[in-house]
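Structure first, then comments.
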Amino acid sequence: MSTPRLPEKRWSIDLEKKIQEEHYADSESYQQRYGFKPTSGKPLFVVDTPPPYPSGTWHIGAVAQYSMIDVIARSQRLLGKEVYFPWGVDRNGINIEFTVEKNTKRKMKTYDREEFLNLCRETIETFTQAMRKTAARVGLSCDFAAEYLTDAPDYRAVTQSIFIDLFKKGDIIEDLRPNIYDPVEGTTIADAEVERISRNTKLVDVKWQTDTGEELIISTTRPEMICACGVVVVHPDDQRYQHLVGKRAILPMPVSGRESSVEIQTHPSVKSEFGSGILMVCSFGDQNDVAVFRELGLTPYQAIDLDGCMTEISADLSGMTVIEARNKATEILEESGKISQIEERSQEIPVSERGKNPVEIILLKEWYVRQTHIQDRMREHIEEIQFHPPRNRQFLLDWMDNISIDWPISRRRWYHTEIPIWYSEDEEFIVVPPSGNYVQPWKEQPPIDSRVLNRDSREDIGSFSEMKDSLGEIRGEEKVFDTWMDSSNSNLFVSGYLNHPEVFEKAFPTALRPQGKEIVRTWLYYTLLKSTLLLDKPGFQHVWIDGLGMDPWGRKMSKSLGNGIDADSVLECGAGGRTGSWKVKGPSGSVSLKANKIGSECFRLWKACEAQVGDDFHINPEEIEAKYFGVLTKLFNVARFASQFDMPDVEPTTPFPVEDRWIRSEFSATMETVESSWNDLDIYSATQALKTFGTGILPSHWLEMAKTRLYDGDMHAAWTIHSILKDFLATFSPICPFFCHHISMTLYGESSVDVDQFPTQGPVDKQLNQLTSEVETFNSEVWKTKKEQGLSLNAEIEGVMVPDSLNEFKGTLTRMHKLL
RNA sequence: GGGUCUGUGGUCUAGGGGUUUAUGACGUCGCCCUUACAAGGCGAAGAUCGAGGGUUCAAUUCCCUCCGGACCCA
């Protein structure tokens with residue numbers, strides 16, 4: 001008997017790391033293996049990888065999702081597709097600005113703009129490096145050589161070009177509109193960036209008077225906004241107040257530069273049961289106020305300025321911050337006896353997602369992408385996209401039902417893509433750069449081949465070089481884009497839009513958008529909006545929306561709960577014999593979790609097996625190890641066992657014994673399931689099928705039958721085990737690439753990760769497959785009988801009969817169980 | 001307050017009107033070092049499918065209400 005060619009007794013994290021490092025060490029062979037070769041002639045499959053946002057450590061839930069995207073990319077290669085699995089890093093945005101502000105303890109706007117941008121770029125680069133390392137460690141087969149950065153000139157140029165195209169088409173407009181504004185960070189934000197937090201506020205019941213001397217009580221949490229009140233409304237069906245309608249209510253606070261009374265009207269949005277049932281509508285206390293103002297055709301008052309301070313119209317409150325003004329207003333009202341009651345209550349208030357600052361609604365001139373007019377067309381396109389799981393399409397449709405205003409895209413920040421526009425001195429004309437340029441209007445002049453457009457009509461007036469002197473002193477736009485304006489091009493960029501038109505033609509709609517469900521309303525929605533506006537096409541063929549990683553008790557992992565688990569700690573668990581331990585805050589106190597070995601292969605296998613796409617998944621390192629490391633050990637040992645027998649050079653031509661025909665037919669059935677699952681992007685089913693076959697029926701039943709023949713050097717048995725194992729490794733390698741690579745290289749000198757055609761097996765023999773459960777049952781019975789009789793499993797046994805239905809298997813079963 | 005999704009042995013999961021005495025895995029218990037594997041193998045126990053109603057000849061599966069969880073919105 002020869003020694004196994006797999007010398008290691010079992011799979012280990014150190015072995016895994018060694019393979020991983022070799023795998024990524026030589027970039028030339030790496031690119032040969034995983035680089036995108038658009039001219040290969042194979043059908044293209046472009047993955048719109050979510051470019052991760054570097055922020056220090058990578059979240060374990062995110063890494064789990066990326067590893068599944070990698071499974072898809074690898075399985076598509078296996079199916080013969082030319083896969084582009086890009087590696088991008090999302091580096092624009094307010095987060096990195098905050099990080100720099102925090103690190104240097106200095107606010108952005110106290111810096112020179114250029115100096116601040118450099119600090120951002122340096123900071124984000126260190127985070128980016130750490131991320132690339134984790135990406136390799138978990139086995140991502142991205143095209144790293146073609147790395148794209150969303151803050152790089154080539155990427156930003158695409159964003160700017162798309163902006164100009166949409167502007168020329170009339171899909172981007174400038175307007176003075178109420179905007180959601182973060183006064184602390186000094187920038188406009190979009191609806192999608194607003195979140196709500198619960199906070200205690202004072203609900204003040206203020207006594208108002210009508211012009212006829214009647215008293216009415218109006219409850220408000222924002223007495224400082226009385227100066228911006230445009231109307232007082234009651235519900236049209238509220239019998240208590242019908243006599244008031246049409247009268248005027250006198251503002252209980254002094255105001256300056258405006259009327260001191262407002263009309264009383266009706267509006268259906270009033271909740272009669274809330275407070276007194278009378279509502280003051282201010283410009284702009286909240287979104288409802290905005291809607292009422294628009295519907296009633298009222299002229300808004302500007303009560304808050306860009307610094308978040310009260311304006312002139314608030315008279316005595318002028319110049320105070322909103323909070324100061326609120327307290328002062330309460331004080332003034334109290335002194336003048338106009339408060340009947342103050343109640344503490346908790347209220348949900350809107351804050352900015354990033355800065356957690358209470359937001360205000362302010363009238364500002366901003367840039368918008370028009371979106372309300374195109375919703376129906378978008379829905380038609382969305383119909384054509386295949387969602388995984390199908391139910392998650394609903395997240396998108398629900399969000400779209402709520403779209404009522406256009407998308408504000410300009411921001412008063414710095415580390416973002418600049419709005420590529422210059423204004424003529426008289427503001428009538430704008431200058432835009434030619435497509436493909438990245439420009440920074442706040443510090444540069446327009447490129448010489450820029451065009452001059454009429455600001456309102458968008459008509460092209462002429463070239464900048466010719467008209468230069470007639471424009472007066474031109475002014476570069478200082479504002480930048482919302483980061484989603486960049487992110488929502490990712491599918492266009494990776495599919496070759498503008499830069500590789502010949503690829504784009506074949507690659508769009510982009511094959512796959514994989515993402516988490518928490519950013520459906522932003523990333524997915526905005527991307528689809530753009531493909532509809534720009535190309536009138538669906539942006540994708542498939543959208544794959546995964547669930548969220550949760551802590552072991554089903555709660556979202558977050559810093560504030562202290563229940564987060566760092567990705568590297570899981571991937572490195574077991575390396576160098578070091579065990580992993582985690583302290584996680586559970587619902588009742590801290591819990592210690594321990595694991596001896598996990599690593600990338602076990603981690604990927606766990607995610608592939610544990611949860612269907614779209615389901616939230618609990619992350620517990622102890623469980624990952626306990627449930628899935630054994631699977632690797634088992635498979636490794638099957639391979640190790642096989643590795644002591646040589647594979648015959650050619651398939652034996654003499655007939656195979658029934659047990660070999662049977663297991664090959666079973667394997668064919670498994671391969672059919674696996675192939676169709678990979679085609680459907682169904683990781684779960686593919687993995688389950690492989691696991692069941694590889695750890696169950698193959699070793700437990702067939703191997704036991706074939707053992708003797710293998711030891712005797714039987715060619716049929718050797719051919720059977722190797723041909724199955726080789727194809728098994730190929731189809732399993734999307735899930736555990738390093739594991740399969742190592743075994744296949746050692747045994748066959750070819751890597752399973754290089755297989756680019758789904759292995760074809762012989763036909764399924766239905767009649768043999770029908771005997772499978774009988775074989776399993778019979779084996780179980782014999783094992784059980786031996787146990788009951790106190791016999792060891794390899795002892796001879798008398799009186800057991802092979803049933804007639806398994807007549808064909810009589811010989812092999814008799815030998816296997818040593819039946820007498 | 002509203003919407004969407006979700007609730008299956010201790011844990012995680014499959015299934016989805018009758019073929020189900022509900023799948024598999026982990027854990028538990030018992031037995032076994034059997035010429036790949038004790039980081040193994042074999043076997044056993046363990047679930048009135050969240051609760052309550054309804055539709056039906058038949059419900060874990062469909063509908064309603066409630067309870068719990070997640071996400072989103074106002």
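If you're wondering where the values come from, they're calculated on a predicted model, not measured in any experiment. The chains referred to below are lettered A, B, ... by the order of the sequence lines, with proteins before strands, and numbering in each begins at 1.
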Report task. With RNA chain B as reference, determine whether A:H618 or A:K9 sits nearer its 5' end, using the nearest nucleotide of each. Result -> A:H618
Query - Integer angstrom distance from the P of B:C66 to that of B:G3 - result: 10 Å
Requested in this report: Sticking with atom P, work out how far B:U21 lies from B:U60, rounded to a whole angstrom.
Outcome: 12 Å
Query raised in the report: Taking the P atom of each, how far is B:G24 from B:G9, in whole Å?
Result: 16 Å
Requested in this report: Pick base, sugar-phosphate or nothing for A:S780, based on heavy-atom distances below 4.0 Å to the nucleic acid.
Outcome: sugar-phosphate
Query raised in the report: Roughly how many Å is it from CH2 in A:W606 to P in B:C26, rounded to a whole number?
Result: 17 Å
Requested in this report: Select base, sugar-phosphate, or nothing to describe what A:K784 touches, counting heavy atoms under 4.0 Å on all strands.
Outcome: sugar-phosphate
Query - side-chain N/O A:S700 vs B:C42 OP1/OP2, d < 4.0 Å - result: yes
Query raised in the report: Going by distance alone, is a donor N or O of one side chain under 3.5 Å from an acceptor N or O of the other, for A:E610 and A:Y628?
Result: yes
Report task. Remember a base hit wins even if backbone is also touched, and classify A:N794 as base, sugar-phosphate or nothing at under 4.0 Å, heavy atoms. Result -> sugar-phosphate
Query raised in the report: Angle class for the A:H701/A:W783 ring planes (parallel below 30°, perpendicular above 60°, tilted otherwise)?
Result: tilted
Query - Sugar-phosphate only, base, or nothing, as touched by A:V520 at under 4.0 Å among non-hydrogen atoms - result: nothing
Query raised in the report: Base, sugar-phosphate alone, or nothing: which one does A:Q688 contact when heavy atoms must sit under 4.0 Å apart?
Result: nothing
Query raised in the report: Roughly how many Å is it from CE in A:M550 to P in B:G7, rounded to a whole number?
Result: 14 Å
Requested in this report: Examine the base of B:C37 for any acceptor or donor lying under 3.5 Å from a partner atom in the side chain of A:K634, and report the outcome as yes or no.
Outcome: yes
**Report entry** Residue A:K787, side-chain heavy atoms: nucleotide from B:U13, B:C31, B:A25 that is nearest
**Finding:** B:C31
Query raised in the report: Going by the angle between their ring planes, with limits at 30° and 60°, are A:Y526 and A:W484 parallel, tilted or perpendicular?
Result: tilted
Query - Position toward the 5' end of RNA chain B (nearest nucleotide), A:W11 or A:E704 - result: A:E704
**Report entry** Separation of atom CZ in A:R393 from atom P in B:U4, rounded to whole Å
**Finding:** 16 Å
Requested in this report: Report which part of the nucleic acid A:K786 touches: base, sugar-phosphate, or nothing (heavy-atom distance under 4.0 Å, all strands).
Outcome: nothing
Query raised in the report: Under 4.0 angstrom, heavy atoms only, what part of the nucleic acid is A:S792 near: base, sugar-phosphate, or nothing?
Result: nothing
Report task. Using a 4.0 Å heavy-atom cut-off across all strands, classify A:R640 as base, sugar-phosphate, or nothing. Result -> sugar-phosphate
Requested in this report: State yes or no: are the ring centers of A:F645 and A:H722 separated by less than 6.0 Å?
Outcome: no
**Report entry** Integer-rounded Å distance: B:C37 C1' and A:L793 CG
**Finding:** 15 Å
Query - Nucleotide B:G24, atom P - distance to CG of A:L605 in whole Å - result: 19 Å
Query raised in the report: Heavy atoms under 4.0 Å, any strand shown: does A:L703 hit a base, just sugar-phosphate, or nothing?
Result: base
Query raised in the report: Hey, does A:K597 reach any base, or is it just sugar-phosphate, or nothing, if we go heavy atoms under 4.0 Å?
Result: base
